[in-house]
Amino acid sequence: MKKVLLVDDELEFTKDLAKALEIFGYEVYRAGDGEGAFSIIEKKKPDIVLCDYRLFDVDGDKILEKTKKNHPEIKFVMVTAYYDEAVEKRFRNLGADEVIFKPIVLTEIEALLAKL
Amino acid sequence: MTYLAFTGLVTFLASFPLGLFVSRRNLKASVAKAYLNLNFSVAIYGISYFFWQISKDTAVQIIWFKILCIGIILIEPAFLHFAFNLTEQIHKKKNFLIGCYLINIIFIYFNLSGMMYVRFIPKYNFGFWPIPTILFDIYLVWWFFQVFYGFIYLLKGLKDFSGSRHNQIKYVAIAGAVGFTGAVTNWPLWYNINFPPYLNILIALHIAFIAYAIFRHQMLDIEVVIKKSLVFAGMFIFTFGIFVAIALLVSQFIAGGNTLLSLAISALIITFTLRPIETRLINATDKFLFQKKYEYKQILKVFIDEVITVLNLDEIINSTLKLLDQTLHPYTAGIFILNKVEDKYQLYNSTGLDDKDIVFTSESKLISFLKKNNNNVAAIRQINGIAGVSPDIQQEMAKLKAVICLSLMLHDDLIGFISLGKKKSDDEYTKDDLDILLDLARTESIAVGNAQLLTEAAQAERRAAIGTMSAGINHEIGNPLNIMSTRIQLFKLSRQKGLFQNKPNEEILDQAESALDECLKQSGRISEITKKLSNFAKPSKEFKPQLVNISEEVEETLSMVGHDLELEKIKIERNISSDLYKILADKREIQQIFFNIIRNAAQAIEETGKIAINAVNTTNNKIHIEVQDTGKGIAEDKMHRIFEPFFTTKGANKGTGLGLSIVRQLVWKNKGEISFRSQVGVGTTFILEFPKGVES
């Protein structure tokens, strides 16, 4: 069973998304900030990280950089509410495997995770 | 030549050039045509008076005298014609005027057929004068009748008109009075009264009054023509005067006279004095008749000093055009500005140019010329192919009706140019004009450059503000929407995957209700943010200023946020002077201001810290409040943006970025000022100042 880490300070959102991902057959961990995310990454070694860009303590790209540096094998999906092609390009340049925009579509996420 | 001959010649020389120039202008106005009639009648009178007086042969004298009389007879109907035109009575008086002309034609016939005088005899020292018949007596009555009739209409016009027309009529009346007074002095000799017509010179003088009316009061709408004519007439009178004076002197000292010698001396004097006299005449006409024009250099200089401080491009361009129009009176003036995106020079605004869409590309000959020749010949004068201006360029300038183009250079770039048409006065641009125009162009370049820079900066700032705003809206509205949408999708997914099978209805309903509750909560969040947004655009409708005690409002605000602060281990210090002035403000808005500032301060403090609120009276009847925190401070590169709507340095759920922009609006609305100082790692202090409130 693949392990997915959800990072977002919108706790209602990660709670629901976690339930959906469990239905899709993933083992799901949740973090509300960068600090929590780093500790779960180290402890649980998730296969995939789904991370919101705008967090209270750090920006999503910091988590992206650090994750890819320490664990290049982890697939990283950036989630953001700002729809902008330039933003997508920037995240991909930083090493994001996928970029998805809010509001998310569960079936798209299912397909996307299966592909990774 | 006798004095009387001289007066005739001067009359001719003053009137003829004036008429010539007016006619050359092909003026359509009937008032100008009427004036021409009068002018030429006077000219005929003047020149034949001259020849009549200088002729030695009686037969020739009689011929000139008859022509002279034609002039006299024509002057009166022409005077009436002009007077009716000027006083706008011409339509009513049309038949009367035709009658006048017909009667005068009959008198011309009498004159030519010799029926008005018996014969010519020498009178005193004034040459041959006629002995009048009864027909002439009748004519004299008719003459006086016409003159007085004309004056009655002029005087009536004086009463009926005001403004410049009133003045025009006034000067024509004066001119008429002067002229006819001169003319009247010719009649006594006919009747053997020894009152010589010395005042005949007044007929020449009347031209000056007419000219004055035309200059100062735009009579005939031809400021243009008359200035040249006046200078021209002055020159003629001057050269002629020299010639006569020398001739008279020579004949007096050298018996029998010596024409060749007097001519030579005259020529010599005229050659050396003509130029300075011309300059003097031009200056004199400028000074006395075009006083505004005379001062234009001064006006331009003042403008050059001032335009540099203007930062709005529209204002710079429009005031420049207005100024050029008022000082130099060109037919056309245009200012072209480089459109950097399209690399084209577009007409920004103009006066006197009908085609507003004129565009020059960088490849145009004119533009290349302006770029190349900036350093030495920024102004090109199009005087029939002056060296360096090719026919191509002249053609392009003709499109602009321009005779001068001034480059606007900034550093080494041509950022635009000013085009100027011919002067309405018909004068050429002088070297003085060009010097001052080059000064103007240099200053204008800098002013335009500054204004453009500022516009670009303002646009960038606006783009940044919109960027922050749309990012803020994305975040603040996008996240709740995302939560709602995910919850709904999750419910549908659960059903689709059969997760609700075998579950009691109650549990499914609970799940549905919780989903709906979540949606409700999130929609509430969205509506909060939209409310704040509209508040931001249009802060509170009811504005109720009253005398407010700041100390009380700070306490009130702290009672709202204080609890949270204590929990967060933030210490509050108050240092509010007990005799602090009250201020005139909206109580609710003052609370809102403090609420936002104190909450910001609290959020800036990472773990524990202190917020100090100090307030004192200032010596200039204000109160000075400082809200100081020991938070993380504001980074220098963000300082200029903190009052921007939606700009925030806080994380998600902590701030919308609207707080400080609303605060600033509220402070301004309550007649206060807000500023801040900040240092990263030390803290931020917001400074508020409000004027002492006075009960209204």
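Chain letters run A, B, ... following the sequence lines, proteins first and then strands; every chain starts at 1. Small disclaimer: the values here were computed from a predicted structure and weren't measured.
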Apply side chain to side chain contact (heavy atoms under 4.5 Å, CB included) to the pair Asn482(B) and Glu10(A), showing each step before the final yes or no.
CA-CA 10 Å; Asn482(B) 183 50; Glu10(A) 297 281 356; over 6 Å; no

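Glu73(A) CD: more than 12 foreign heavy atoms inside a 6.0 Å radius. Within 6.0 Å of the CZ atom in Arg495(B), the count of heavy atoms belonging to other residues, nucleotides or ligands does not exceed 12. Heavy atoms of other residues, nucleotides or ligands lying less than 6.0 angstrom from NZ of Lys3(A) number more than 12. At most 12 non-hydrogen atoms from other residues, nucleotides or ligands lie less than 6.0 angstrom from NZ of Lys66(A). Within 6.0 Å of CD on Glu513(B) lie no more than 12 heavy atoms contributed by other residues, nucleotides or ligands. Heavy-atom contacts from other residues, nucleotides or ligands closer than 6.0 Å to CG of Asn505(B) number 12 or fewer.
For Ile23(A), the part sitting under 4.5 Å from any heavy atom of chain B is the side chain, from C-beta outward, and nothing else. For Tyr53(A), no part lies under 4.5 angstrom from a heavy atom of chain B. For chain A, no part of Lys492(B) is nearby; none of its heavy atoms comes within less than 4.5 Å. Glu22(A) does not touch chain B: none of its heavy atoms, backbone or side chain, sits under 4.5 Å away.
At distances below 3.5 Å, at least one donor-acceptor pair connects side-chain atoms of Gln489(B) with backbone N or O atoms of Leu106(A).
Contact check on Glu518(B) versus Lys15(A) returns no salt bridge, with no Lys/Arg side-chain nitrogen under 4.0 Å from an Asp/Glu carboxylate oxygen.
Between the CD1 atom of Ile483(B) and the CD1 atom of Ile104(A) there is a distance of 11.0 Å, given to the nearest 0.5 Å. Distance check, rounded to the nearest 0.5 Å: CD of Glu12(A) to CD of Gln522(B) gives 7.0 Å. One finds the CG atom of Asn479(B) at 3.5 Å from the NZ atom of Lys102(A) (value rounded to the nearest 0.5 Å).
Taking each heavy atom of Leu17(A) and Thr486(B) in turn, the nearest pair found is N-CG2, 4.2 Å. Across every non-hydrogen atom of Ala20(A) and Leu490(B), the tightest pair is N-CD1, 3.5 Å.
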